[in-house]
K.L.:
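This is the structure I want to talk about, given as structure tokens.
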Amino acid sequence: MATVNALLAALHDRTLELSAQPSTPSTTEISGLSRLFGNAIRILALIDPPPDVMTILQAMPKAEPAEEPVDSPITTIGYTLGVLADTLNANAETVRNTGHRDRVQLRSQVLATLHHVATVSLAAVPVDEAFSGPALIRDLADATNAASYVPRADLHEPIGLLSLGQSSGGLDQTVARWAETAIEILASQTRVTSYAFQRTAATIATICSTAAVALAEPPSERPFEGAASAALTKASQAWQRAADWPPEVRLGGRTTELRHRSQDLDQALATHRLGQPGAPSRQAAMRAALRAAEGVAACHKSALIQVINRRNLWISVEALGPTYLTHHPGASRSDWVPDPGTRAGEVLLDACTQAWTALATAVDRLNPSMAAVGAAESPGEAPRWETVSAPNRSRRPRSTTALTPPGRGIGR
Amino acid sequence: MPDANHDLADALGHLRHAAHELLAEPDPTGQALALASQILDIENLLEELDIEPAWVPAAETAAGSLATAGRLLGRRPDIVPSEVWPALQAILVEAGDRGHR
């Protein structure tokens with residue numbers, strides 16, 4: 001079945017078709033409005049509906065559906081909203097736990113559709129017809145006008161990937177996708193950025209803190225899990241420190257895919273935190289997430305060592321102080337220059353090493369239960385993200401962007 | 001008025017200070033970490049425009065840096081990616097709610 005994102009994309013396309021059609025809809029086609037409005041109510045009721053719009057929709061007169069199926073954009077939009085409403089209502093808890101931004105985006109897309117439908121229908125609805133309620137449709141067009149200006153965007157996981165017939169629990173998949181992207185980017189000399197280092201460290205910190213909470217939950221708390229929970233809290237704090245790069249140090253570039261994966265994982269972890277406390281599946285999911293985090297952490301550390309050894313970090317000239325400018329009269333205060341040998345890299349690596357050690361300690365504390373769960377889940381199979389060794393980069397071509405003067409573009 | 005790139009470069013500099021402030025402070029609830037992650041995402045969006053951050057003086061608080069960044073970005077609504085606005089708005093509110101207004 002189609003996912004929520006696919007349904008929203010289809011809704012957008014059908015709405016464009018409706019707005020672009022040369023003739024106004026016939027009265028028969030308009031009869032599909034009743035279904036359309038009904039399905040819109042079912043969706044909006046889940047996501048903090050605007051009271052004025054709901055009042056208008058609920059006041060709309062009900063119309064008998066056409067005897068024969070009518071092939072029109074209004075009918076198609078009505079059916080699409082119906083599947084969307086079914087999908088969201090089948091996963092109501094996930095929808096309720098979805099973050100503010102995705103809820104706003106979903107609401108805006110439904111309201112934008114209502115706006116275009118109302119605008120087009122207004123021209124077709126004859127005055128005094130039983131269904132028409134032209135004043136209501138005009139009110140609907142006005143009340144939904146602002147939403148029609150909101151740019152369309154896909155929803156994050158898990159809500160964006162919900163579909164009928166599938167369970168909503170997708171933390172494992174979301175973690176796996178994040179880890180795969182993070183490792184791919186961290187391992188690439190030409191693609192790794194300060195954002196990649198900071199964001200992966202921040203995500204590992206979030207995984208650790210979420211796991212710490214999950215493991216401390218009764219009724220499944222056991223002594224070793226309590227110790228592991230405390231160690232995970234320390235690991236989270238350590239990774240937060242590792243995510244903290246001073247503003248005068250950077251490694252520029254684009255890392256769009258990692259941003260999307262990280263946001264998806266944030267959302268999935270937030271949803272996970274709101275799940276049933278102490279549920280075994282909840283704790284198992286966090287153990288799997290920790291295994292993935294370990295793999296990313298290993299790659300993070302080896303990538304940072306490579307970047308520092310190659311002096312690929314860039315430092316703000318302003319932060320280097322007047323002595324640097326005295327010795328480099330051509331430099332401007334606003335420039336970023338390759339690290340001339342400051343302690344910046346050393347400080348970053350120290351924080352990363354401490355974080356890595358803290359995570360390893362926490363996982364060691366958890367090992368009795370992780371081993372048991374791993375054996376129960378997949379006998380004879382090693383954990384997927386057990387160890388990731390640093391890729392051999394000695395034969396790779398040296399990054400050209402790393403040598404690009406900062407004034408010419410990406411300041412790496 | 002300074003050119004658009006100058007405003008965005010300054011805004012990016014202030015966002016970097018805000019993330020640094022949040023990540024450096026004690027964070028028992030994880031809220032500062034969550035906010036900093038969102039700021040990093042906005043920085044990443046701006047870097048997609050090939051904006052190089054300017055070195056700017058830090059405000060007294062993360063919320064102060066965020067507010068300055070918001071003002072600078074608000075001067076250039078035509079250039080700033082639309083994805084930035086809801087994220088920035090949410091961050092400004094949350095940072096303010098944490099007592100950093």
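Here is the naming used below: chain letters follow the sequence lines, and residue numbers restart at 1 for every chain. Note: hydrogens, waters and symmetry copies are ignored here, and every other heavy atom, side chains too, is used. Computed from a prediction, not measured in an experiment: that's the story for all the values here.
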K.L.:
What part of A:Ala243 gets closer than 4.5 Å to chain B, counting heavy atoms only: side chain, backbone, both or neither?
P.N.:
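Both the backbone and the side chain of A:Ala243 come within 4.5 Å of chain B.
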
K.L.:
Quick check: closest heavy atoms across A:Gly253 and B:Asn44, and the distance to 0.1 Å?
P.N.:
O-ND2, 4.5 Å

K.L.:
B:Arg16 side chain to A:Trp245 main-chain N or O, any donor-acceptor pair under 3.5 Å?
P.N.:
no

K.L.:
Is it the backbone or the side chain of B:Pro28 that comes under 4.5 Å from a heavy atom of chain A, or both, or neither?
P.N.:
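Nothing of B:Pro28, per the 4.5 Å heavy-atom cut-off to chain A.
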
K.L.:
One thing to verify: whether B:Glu43 and A:Arg250 come together as a salt bridge, which I'm taking to mean a side-chain N less than 4.0 angstrom from a carboxylate O.
P.N.:
no

K.L.:
Give me the atom names and distance for the closest heavy-atom approach of A:Pro246 to B:His20.
P.N.:
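Closest heavy-atom pair between A:Pro246 and B:His20: CA-ND1, 4.2 Å.
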
K.L.:
How far does CZ of A:Arg254 sit from CG of B:Leu45, to the nearest 0.5 angstrom?
P.N.:
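CG of B:Leu45 is found 11.5 Å from CZ of A:Arg254.
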
K.L.:
Of the backbone (N, CA, C, O) and the side chain (C-beta and beyond), which part of A:Thr256 lies under 4.5 Å from a heavy atom of chain B, both, or neither?
P.N.:
both

K.L.:
Could you tell me which portion of B:Ala58 (side chain, backbone, both or neither) has an atom closer than 4.5 angstrom to a non-hydrogen atom of chain A?
P.N.:
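No part of B:Ala58 comes within 4.5 Å of chain A.
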
K.L.:
If you round to the nearest 0.5 Å, how far is CG of B:Leu33 from OG of A:Ser236?
P.N.:
6.0 Å

K.L.:
With a 4.5 angstrom heavy-atom cut-off, could you sort out which part of B:Ala90 is near chain A: side chain, backbone, both or neither?
P.N.:
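For B:Ala90, there is no contact with chain A at all, as no heavy atom is under 4.5 Å.
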
K.L.:
Please flag which part of A:Ser316 lies under 4.5 Å from any non-hydrogen atom of chain B: side chain, backbone, both or neither.
P.N.:
side chain

K.L.:
Please round to the nearest 0.5 Å and tell me the distance separating atom CG of B:Asp27 and atom CD of A:Gln237.
P.N.:
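Between B:Asp27 CG and A:Gln237 CD, I get 8.5 Å after rounding to 0.5 Å.
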
K.L.:
When rounded to the nearest 0.5 angstrom, what is the spacing between CD in B:Glu48 and CZ in A:Arg259?
P.N.:
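Reported to 0.5 Å precision, the distance equals 4.5 Å.
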
K.L.:
Identify which part of A:Arg199 has an atom lying under 4.5 Å from any heavy atom of chain B, answering side chain, backbone, both or neither.
P.N.:
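Contact with chain B is through both the backbone and side chain of A:Arg199.
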
K.L.:
Taking C-beta and beyond as the side chain, do A:Arg101 and B:Gln38 meet within less than 4.5 Å on heavy atoms?
P.N.:
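Yes. Closest side-chain heavy atoms under 4.5 Å.
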
K.L.:
For each of A:Arg241, A:Arg333, A:Glu248, tally heavy-atom pairs with chain B at distances under 4.5 Å, and name the one with the top tally.
P.N.:
A:Glu248

K.L.:
Using a cut-off of under 4.5 Å for heavy-atom pairs, which of B:Leu40, B:Asp41, B:Leu15 has the most such pairs with chain A?
P.N.:
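Counting heavy-atom pairs under 4.5 Å, the top option is B:Asp41.
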
K.L.:
Starting at OG of B:Ser37, measure out to CD of A:Gln240 and round the result to the nearest 0.5 Å.
P.N.:
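Separation between the atoms: 8.5 Å.
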
K.L.:
Heavy-atom distance under 4.5 Å between the side chains of A:Trp336 and B:Glu52, does that happen here?
P.N.:
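SC-SC contact between A:Trp336 and B:Glu52 confirmed.
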
